[in-house]
Protein chains: 2
Amino acid sequence: MRTAESAVETIQREMTVFARRARASAGRMHPELSLVSYTLLGHLEESGGCRATDLAAHYALDKSTVSRQVAALERAGLIERRPDPEDQRVQVLQLTEAGQEILAQVTRRRRAAFRERLAEWPEDDLVRFAAYLERYNAGAEGIGAD
Amino acid sequence: MRTAESAVETIQREMTVFARRARASAGRMHPELSLVSYTLLGHLEESGGCRATDLAAHYALDKSTVSRQVAALERAGLIERRPDPEDQRVQVLQLTEAGQEILAQVTRRRRAAFRERLAEWPEDDLVRFAAYLERYNAGAEGIGAD
DNA sequence: GCATTCCGGTTGCAGAGTACAACTCGCGAC
DNA sequence: GTCGCGAGTTGTACTCTGCAACCGGAATGC
């Protein structure tokens with residue numbers, strides 16, 4: 001299985017390169033929203049509001065980290081915390097209008113960048129690549145990426 | 001081009017998921033070698049020795065960052081710098097014995113994790129997936145990952 | 001041959017992201 | 001009520017990172 005071996009090597013290496021680059025360049029492309037903030041906002045939108053603890057669990061982050069991120073996002077007016085009537089310890093986090101707007105805007109820009117980068121690719125390859133990535137990430141659920 | 005459109009969407013989303021996860025779990029899997037160090041060592045092995053500037057270019061890092069990482073790796077005895085006889089400004093970086101060993105060891109562990117994750121994949125798919133990733137990252141050379 | 005500019009690398013500085021530990025406050029079980 | 005647990009905050013420390021200023025060698029101009 002020589003070929004499969006080296007393909008696994010390559011996948012591993014290239015995924016890592018990508019991850020490193022993503023981190024390095026995230027701040028440059030959307031100065032107003034780091035990769036972390038972006039994904040947190042994204043999760044809030046997707047979930048329609050959740051607790052800080054949920055975010056921490058979902059992204060395998062320490063709760064203190066989330067706490068600070070959330071504080072920053074609130075300071076920036078992108079999210080708001082509202083007390084949970086059922087449990088006074090809990091803060092339900094939700095996107096503000098501004099948060100939704102910024103998120104949509106960054107999403108648009110990211111999408112444009114991706115599309116441009118993939119412009120030359122034949123459709124068949126795009127479809128297959130997308131399928132591979134989905135499959136890969138589905139297998140990685142909760143394991144961590146490297 | 002409906003299909004290509006949505007494939008691009010998927011690629012974007014899945015790559016982001018991956019990047020986020022990589023970040024979250026980076027430090028946890030190989031305590032003795034950070035993700036950064038690991039990738040730098042990997043590149044040194046693969047290239048058979050190169051300059052700090054090459055590393056910076058390949059990973060879209062600032063040269064100062066690489067400089068510090070390299071210093072740390074040298075302090076740890078994992079790499080050595082030797083002057084380039086052709087150009088006295090240049091330091092050719094190379095793995096030491098110890099560096100090769102550590103790298104091999106970490107690679108084994110990572111590979112086991114990856115292989116497990118990719119175990120069900122037919123060889124053809126592995127090879128194609130690897131090729132797509134390489135192609136994607138090649139196109140991103142210096143642009144940034146998102 | 002000298003000056004200017006370019007390039008590889010280092011260092012000082014600042015900022016983001018992160019974890020861990022210690023803490024507060026509210027909830028629930030006993 | 002008391003005790004333990006869970007949500008969240010804060011203090012501290014560390015790593016990774018970029019930018020800017022710098023040094024010294026190389027290349028190019030004249």
Side-chain angles (χ1 to χ4, degrees), chain A residues 16 19-41 49-76 79-93 144-146, chain B residues 19-41 49-76 79-93 142 144-146:
Chain A
T16 306
R20 293 192 31 66
R21 287 213 186 119
R23 178 180 200 181
S25 73
R28 280 196 278 279
M29 286 192 64
H30 337 290
E32 74 284 6
L33 214 56
S34 75
L35 181 61
V36 191
S37 307
Y38 176 75
T39 55
L40 291 185
L41 290 189
C50 69
R51 305 175 305 165
T53 298
D54 299 333
L55 291 178
H58 192 254
Y59 293 111
L61 290 171
D62 192 81
K63 58 183 180 166
S64 66
T65 300
V66 173
S67 174
R68 281 180 245 268
Q69 291 290 331
V70 163
L73 289 172
E74 188 190 27
R75 229 177 298 123
I79 66 176
E80 58 186 9
R81 339 152 96 116
R82 52 188 59 187
D84 182 340
E86 315 247 306
D87 185 339
Q88 296 193 357
R89 294 170 301 178
V90 170
Q91 303 171 348
V92 177
L93 306 173
D146 66 335
Chain B
R20 178 214 345 114
R21 288 215 185 115
R23 259 180 64 323
S25 69
R28 283 194 268 279
M29 286 191 68
H30 336 289
E32 75 284 10
L33 211 57
S34 78
L35 179 61
V36 191
S37 307
Y38 175 76
T39 56
L40 292 185
L41 289 189
C50 69
R51 305 175 306 164
T53 298
D54 300 332
L55 293 178
H58 190 254
Y59 292 109
L61 290 171
D62 191 80
K63 57 184 181 169
S64 66
T65 301
V66 173
S67 174
R68 280 180 249 266
Q69 292 290 331
V70 163
L73 288 173
E74 189 191 25
R75 228 177 300 121
I79 66 176
E80 58 186 9
R81 338 150 97 116
R82 50 189 62 185
D84 182 343
E86 315 245 308
D87 185 338
Q88 297 193 355
R89 294 170 303 179
V90 170
Q91 305 172 346
V92 177
L93 307 173
D146 65 337

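Residue numbers begin at 1 in each chain, while the letters A, B, ... track the order of the sequences.
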Near DNA chain D, which residues from residues 64-74 of chain B have a heavy atom under 4.0 Å away? B:Ser64, B:Thr65, B:Arg68, B:Gln69
Taking the minimum atom-to-atom distance to the side chain of A:Leu61, which one of D:dG25, C:dG9, C:dA19 wins? C:dA19
Candidates C:dG9, C:dT10, D:dA26 - which lies nearest the side chain of B:Val90: C:dG9
Using a 4.5 Å cut-off on heavy atoms from C-beta on, say whether the side chain of B:Tyr59 contacts that of B:Val66. no
So does B:Arg89 reach the base of C:dC7 with its side chain, donor to acceptor, closer than 3.5 Å? yes
Counting heavy atoms from C-beta on, name the nucleotide in D:dA26, C:dT10, D:dT9 closest to the side chain of B:Gln91. C:dT10
Separation between CG (B:Leu93) and CG (B:Leu73), nearest 0.5 Å, reads 9.0 Å
Given C:dC7, is OP1 or OP2 found less than 4.0 Å from the side-chain N or O atoms of B:Thr53? no
Please work out if A:Asp62 contacts a base, only the sugar-phosphate, or nothing of the nucleic acid, heavy-atom cut-off 4.0 Å. base
First locate atom OG of B:Ser67, then atom CG of B:Leu61, and finally report the distance between them rounded to the nearest 0.5 Å. 12.0 Å
Rounded to the nearest 0.5 Å, what separation is found between the CZ atom of A:Arg82 and the CD atom of A:Gln91? 12.0 Å
Would you say B:Gln88 places a side-chain N or O within less than 4.0 Å of OP1 or OP2 belonging to C:dG9? no
Once salt bridge (charged side-chain N to carboxylate O under 4.0 Å, His left out) is applied, what residue pairs with a partner in residues 49-62 of chain A remain, sequence neighbours excluded? A:Arg51-A:Asp54
